[in-house]
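Each remark here refers to the structure printed beneath this line.
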Amino acid sequence: MAGYVIRRVLIMLLLLLLLSFTVFVLFSLLPADVARLTCGKICTPETIEANRIRLGLDKSVIEQYWIFLQGVVMGRTYGQGPGAIVCNAPCLGYSFTRQEPVLKLILERLPATLFLAMGAFVLFLIGGVALGVYSALRRGRWQDKTVMGISLVGYSLPSFFIGLVVVYFIIIRWQLLPFPSYVNPWVDPLQFVQTMILPWLVLAVLYAAFYTRLTRSQMLETLNDDYIRTARAKGLPERVVIRKHALRAGLTPIVTAAGLDFAGLLGGAIILETIFSLPGLGSLAVSAVLSPDLPILVGVTLVTASFVIVANLVVDLLYAVIDPRVRLA
Amino acid sequence: MSAFLEVKDLHVSFPTGDGVVRAVDGLSFRVDKGRTLAIVGESGSGKSVTAQAVLGLLNRNFADITGQVWLDGQDLIAMSDDQVRELRGEAMAMIFQDPMSSLHPFYRIGDQLMEAVRTHHKVSKQEARERAIDALKQVGIPAPERRVDDYPHQLSGGMRQRVMIAMALINSPQLLVADEPTTALDVTVQAQITELMLKLQAETGTTLIIITHDLGVVADMADEVTVMYAGRAVEMGSTDDIYYRPEMPYTLGLLASVPRLDSDLNERLDPIPGNPPSLINLPPGCVFNPRCTFKDEVPGNRCTTERPELLASSAGHLVRCHLDAAQRVAAREAST
């Protein structure tokens, strides 16, 4: 087991390296001229050229990547002399439009995204799995049909639609909640919850629909398995049969999907963060695209892609916890 | 001797979109304490459904069950689901056909055995574990102290069936129902499992119902046999009655389709022609008549128009057939 974990972590690091290279090369191929973009309002050919050298853009892509990697490990200094800008390790780049290191910007935005993702994750996972089990146990009856119908609606509605409808009715029309204004929970817990509750619920509805359907089909499959009959033959109460035997056996694909969805949410729910003006990674990415601010885009892409890779590792390790056949193989 | 288990006029039907499937249609039988009854029949004859109805394993939302199942003086059909559940795994237990899929793949066999103990008895984990190890030892699993921590996939099919037997017997049930316990196993392992069950029954005095289509198993284990066809009993009697004095053409067909050591090697086995009938739409008259080679011997087309009753042909030997005594003897001689 330990060997397996070490092997997987090493593979993960290799994957991250490859990923960073790909992202770096991709963005360097963009037609945008970073030296021009970062030059400001009064722009002469000389300042552009000076910028180009200061940013290291006169070098080849491979060299630039190498300098970028060095920056991640050891930090990096842009320019020379008194005007030089120091970016401490781990340096993911420097945004000249915002005059801040990229990592600092990302870390500032991470809490909002993290709280959004965690809250929604807990809600949609518990809600989706519970509804899925309920639906499976009442298969074919009106309760099942109702749940499946609602989940189909939730599954097919786009987030910008639900988001806007909810904002319009609950905040603007009925004024049940104040306009969203994000604060960290330790500053003002009430305002935090008031801001987050709608995006949490909207995300939960959107995602729960999928988990309801997945859980239902998993349960219908495992409930027909022979070991469920064995569990009943032992005289176990039905709720134990369902929770400990049927649900546990059908958990594997649910865990996979949940892990990847959580990683995806950490990348920022771009549309919802924008609708509810949450200062998260998603809205950072949107504004970086609009500026455009390439160092931030590279940084956000790298960080969110890393979340997916790490989530994959966690999911694979969870497999081994859930299924002993994976552990011993 | 009093009947320990008595099933009276059991009907089990499943309403489906295509019609009502009558899986068990008026079945009655009894087993005395400590005896072994074999229920024999083809796939779809209703034998497994009967077993599951006795144990209360059928979901009453999907199955209509009527009749009486008396276990040691209590009618299980009249009881609530919860009352039956408390008896299940304690007073009555069941072994299933496929040991490869009947154990939960994610739990250690020890945990699965302990769960069976702790569902019915308030004992410590340590004590339950000791009982699990004892039970594994009793069914002949080597090094049970170590095996108790194995997962099912680490055991062979025969070993898993031993674990299933250990799990069924761990609370010393008075009734054990074995549904095709050896069908999924290798032939050599089949013999071991049969022997093990006989040994354990002799030790514990458990009443045993064995559901099978393997007539070899029946000869080894059963005191009495009920032959089922299309959801009803067509012949019942002692094992000797069924083997040496069978009377119903379906029983004759079953026996003729078993290979025998003393038969001529060039002789082909005689399968019963045709297939079992649809349980939604049963044939009129005797349910076996479309496959019966003797139906023309009964005058007046009675086989295709009149349902035969299950009647005694001698003491304890019941047959559902329109053939008269002389015709039955002739039929038996013709088929062997």
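Here is how names work: the chains are called A, B, and so on, in the same order as the sequence lines, proteins then strands, and each is numbered from 1.
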Any non-hydrogen side-chain atom of A:R229 less than 4.5 Å from a side-chain atom of B:Q52?
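In contact.
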
Counting only non-hydrogen atoms closer than 4.5 Å, does [X] touch chain A with its backbone (N, CA, C, O), its side chain (CB onward), both, or neither?
| X | result |
| --- | --- |
| B:L57 | side chain |
| B:N61 | side chain |
| B:M164 | side chain |

Looking only at heavy atoms and a cut-off of under 4.5 Å, which of B:E115, B:Q97, B:H120, B:M167 has the most pairs with chain A?
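Most heavy-atom pairs within the cutoff with chain A belong to B:E115.
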
Tell me, out of A:K234, A:E238, A:R248, who's got the most heavy-atom pairs with chain B below 4.5 Å.
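Ranked by contacts with chain B, first place is A:K234.
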
Do A:F307 and A:F262 have ring centroids that are under 6.0 Å from one another?
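No, too far apart.
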
Looking at A:H245 versus B:F106, is the centre-to-centre ring distance below 6.0 Å?
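Not close enough - the centres of the two rings lie 6.0 Å or further apart.
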
Given side-chain contact (heavy atoms from CB on, under 4.5 Å), test B:L196 with B:L200 step by step and report yes or no.
CA-CA 6 Å; B:L196 173 69; B:L200 292 173; 3.9 Å; yes

In terms of heavy-atom proximity below 4.5 Å to chain B, should A:I322 be classed as side chain, backbone, both, or neither?
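For A:I322, the contact with chain B is made by backbone and side chain together.
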
Among A:V9, A:L15, A:L318, which residue meets the side chain to side chain contact (heavy atoms under 4.5 Å, CB included) test with A:L313?
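Filter result, single survivor: A:V9.
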
